[in-house]
Amino acid sequence: MNVVRQFDVFEKSLDHIHHEIEIVDFDLEAAKNCLENIEDDPMLYNGYKIEGEIKLFFENLGYEFETEKYDYFLCCYQDNNQEKFK
């Protein structure tokens, strides 16, 4: 089983997902250092809004965010077609 990390992108004017952006080479420990109040979610399975320190972290990795138009959330799902769990 593989955990896929992605950004769920919501258009601010609508109440549904606009698109998804898969995160390649996700570094769980580095991302955890940018978030607060994650004691009950050590694997970051919950969704986290991309803002503040976590936004800067991903921007430094080359991701770009159009925050005037969209809200971005760090999310994940399990892909049962994969053999490896990360």
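As the structure is a computational prediction, the values presented were derived from the model and not from experiment.
When side chains are defined from C-beta on, L28 counts as touching R5, because their heavy atoms get closer than 4.5 Å.
With sequence neighbours excluded, the residues that form a salt bridge (charged side-chain N to carboxylate O under 4.0 Å, His left out) with E29 are K32. Qualifying side chain to side chain donor-acceptor pair (under 3.5 Å) partners for Y72, counting only residues two or more places apart in sequence or in other chains: none. When the side chain to side chain donor-acceptor pair (under 3.5 Å) test is applied to D27, no partner is found at least two apart in sequence or on another chain. Legend: residues meeting side chain to side chain donor-acceptor pair (under 3.5 Å) with Q6, ordered by chain and number and at least two apart, are D8, E20.
Across C75 and G47, no two heavy atoms sit closer than the pair SG-CA, 4.3 Å. When all heavy atoms of V3 and C76 are compared, the closest pair comes out as CG1-CB, 3.8 Å. Nearest heavy atoms, I54 versus K49: CG2-O, 3.8 Å.
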Identify each donor-acceptor pair in which a side-chain atom of residues 55-71 lies under 3.5 Å from a protein atom, sequence neighbours left out, and give them as a table.
from	atom 1	to	atom 2	distance (Å)
K55	NZ	E59	OE2	2.7
N60	ND2	L56	O	3.3
Y63	OH	V24	N	3.2
D71	OD1	K12	NZ	2.7

Verdict with supporting geometry, V4 and I23, side chain to side chain contact (heavy atoms under 4.5 Å, CB included): CA-CA 8 Å; V4 177; I23 301 170; over 6 Å; no
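Using a 4.5 Å cut-off between side-chain heavy atoms of Ile, Leu, Val, Met, Phe, Trp and Tyr, F73 falls into a hydrophobic cluster with F10, I17.
Residue H19 holds its NE2 atom at 10.5 Å from CZ of F7, rounded to the nearest 0.5 Å.
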